[in-house]
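Notes to accompany the following structure.
Ligands are counted one by one from 1 in listed order, and the atoms in each one are counted from 1 as well. Keep in mind that what you see is a predicted model, and the values were worked out from it rather than measured.
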Amino acid sequence: MNHFELRGGELWCEDVRLGDIAGQVGTPVYVYSTATLERHYTVLRDARAAAGLGAPLIASAVKANSNVSVLATLARLGCGADTVSEGEIRRALAAGVPPERIVFSGVGKTRAELAFAITTGVAEINVESEPELNLLIEVAAELGARPAIAIRVNPDVAAGGHAKISTGKAENKFGVSFAEAARLYAQASNNAHVRPVAVACHIGSQITDLAPFEAAFTKMRGLVEQLRAEGLSVERLDLGGGLGAPYFDAPEPPAPAEFARMAARVMAGLDIEFAFEPGRMIAANAGVLVARVLHIHERPEGRRFLVLDAGMNDLIRPAMYESYHDIRPVRPRKGAALAYDVVGPICETGDTFTRERPLPPFEPGDLLAFMTAGAYGAVMSSEYNSRPLVPEVLVKGREFAVVRRRPSYEEMLANEATAPWLG
Ligand code: LLP
């Protein structure tokens, strides 16, 4: 459930008209709903508790939505942060996430990033390979620290709607095999500079079936039992993210309660703390991208292009993953649906959000909203074609605030310097 609703035919976010935000902030603009973010987090948390998973560390995947106000909204409810760069750790800290709720994942952490995570005192550094473990040991020794680490396992299960977002197959770059994980965990347990506390996995994104999760979780339980049988201590099991968001044309994903019951069943009797890293589930349906129709360009061959002021630089998911986003008019539009190719202003054919989508008849100047855009939307935006980065607005009840403003053209040029030989 989300708080983007039609009232009198107009699309609102909580108690604010999207049209009013577009009027004041301009378009394109991302709009997030506080009530929806809060609801998604509490539903997840309560489902875990009801299923008997205790009070797990729920660390929202910052990569899905890294806006500091969004992170702070979640942090106030006790939500942690799953991060993959120093930048994301800094964002989480700026949002008030305590270090003991920050997880640091990622296959390519640099020496400087590892040092930053160690001195910050994050809950767990998820090690993804043997060379990374060796580097981490070196950095920790230099700092005279003993950080808590997890070994990330690649459980070799196929999951996720699109090849580009599947992470848990052996051919993907993430994590190590079970055999290697057991070896590295034992090795790290005997090292004075790291303290292994957890094993972790994450198998993919927008997963709409419980079976791959269950397969991976069963294998993870086996690993914990094996390590403990060897006399090693495993305090936490990090089960990653990946549960799909209800996504209009896609199969309906399992409800958080069903997911939690499955996890609890697989883990029954295993005395351990759990961690989860949900991204999309929390943020996707809590955000929309509002754009304006610039032109309607009809071709004699019959194609009808709806040219928007938002492009693939603002929302890249359709171009990159062929992903579907529901498109809704912001103000009522009457009349029989017409088939539109919805495109942006970028000079690339890939800048096409959808083709031949039946939509209500639009006119130039109309506003529309791309739904389910709160996750992997603004975070993946760019200045391609030298377009200013898309701003973000957070709504709470009747109030709204610009939580990242649109940069000026002067700001866009500010970091560039003319090479000295160009005078
Ligand atoms: N934990 C780790 C280690 C991850 O790599 C990811 C996502 C998550 C958690 C969060 O997964 P979620 O719950 O959001 O599915 N840009 C793509 C999605 C890439 C996901 C990458 N990893 C998209 O727009 O669909």
Next on the checklist: Are Lys109 and Ile125 packed together at the side-chain level, in the sense that at least one heavy-atom pair is separated by less than 4.5 angstrom?
Outcome noted: yes
Checklist entry - Is the backbone N or O of Val194 less than 3.5 Å from a side-chain atom of Arg146, with the two atoms forming a donor-acceptor pair by type? => result yes
Checklist outcome for this item: Nearest non-hydrogen contact to atom 4 (C) of ligand 1 from the set Gln206, Lys63, Glu128, Arg317 belongs to Lys63
Next on the checklist: So if I count the atoms of ligand 1 from 1 in the order they appear, which ones are less than 4.0 Å from some heavy atom of Pro278?
Outcome noted: 13 (O)
Checklist entry - If you count the atoms of ligand 1 from 1 in the order shown, which ones are under 4.0 Å from a heavy atom of Gly241? => result 9 (C), 13 (O)
Next on the checklist: Could you tell me if Asn126 and Arg152 have a donor-acceptor pair between their side chains, going purely by distance under 3.5 Å?
Outcome noted: no
Checklist entry - Which atoms of ligand 1 are found less than 4.0 Å from any heavy atom of Asp82? => result 1 (N), 2 (C), 9 (C)
Next on the checklist: Does only the side chain of Arg280 get under 4.0 Å from ligand 1, or the backbone, or both, or neither? Count heavy atoms.
Outcome noted: both
Checklist entry - So, are Glu88 and Lys63 salt-bridged, with charged N and O less than 4.0 Å apart? => result no
Item to check | For Met380, atoms of ligand 1 separated by under 4.0 Å from a heavy atom | outcome: 16 (N)
Checklist entry - Is NZ or CZ of Arg280 both nearer than 6.0 Å to the six-membered ring centre of Tyr376 and within 45° of the ring axis? => result no
Next on the checklist: So if I count the atoms of ligand 1 from 1 in the order they appear, which ones are less than 4.0 Å from some heavy atom of Arg152?
Outcome noted: 3 (C)
Next on the checklist: Test of understanding: given a 4.0 Å heavy-atom threshold, classify the contact between Met281 and ligand 1 as side chain, backbone, both, or neither.
Outcome noted: neither
Checklist entry - Which part of Phe174 is near ligand 1, with near meaning a heavy atom under 4.0 Å away: side chain, backbone, both or neither? => result neither
Next on the checklist: Side chain, backbone, both or neither: which applies to Glu277 and ligand 1 if a contact is any heavy-atom pair less than 4.0 Å apart?
Outcome noted: both
Checklist entry - Is a salt bridge present between Arg406 and Glu411, judged by a nitrogen-to-oxygen distance below 4.0 Å? => result no
Checklist entry - What's the spacing between Leu18 CG and Arg331 CZ if we round to 0.5 Å? => result 9.5 Å
Checklist outcome for this item: Taking only non-hydrogen atoms of Ala61 and a 4.0 Å limit, the atoms of ligand 1 in range are 8 (C), 10 (C)
Next on the checklist: For Tyr324, does the six-membered ring have the charged nitrogen or CZ of Arg357 within the cation-pi criterion, i.e. under 6.0 angstrom from the centroid and within 45° of the normal?
Outcome noted: yes
Item to check | Under 3.5 Å: N/O of Ser105 near N/O of ligand 1 | outcome: no
Item to check | Parallel, tilted or perpendicular: rings of Phe305 and His297 (30°, 60°) | outcome: parallel
Next on the checklist: Quick check on contacts: which atoms of ligand 1 are under 4.0 angstrom from a heavy atom of Gly279?
Outcome noted: 12 (P), 13 (O), 14 (O)
Next on the checklist: Distance under 4.0 Å to a non-hydrogen atom of Gly242: what atoms of ligand 1 satisfy this?
Outcome noted: 11 (O), 12 (P), 13 (O), 15 (O)
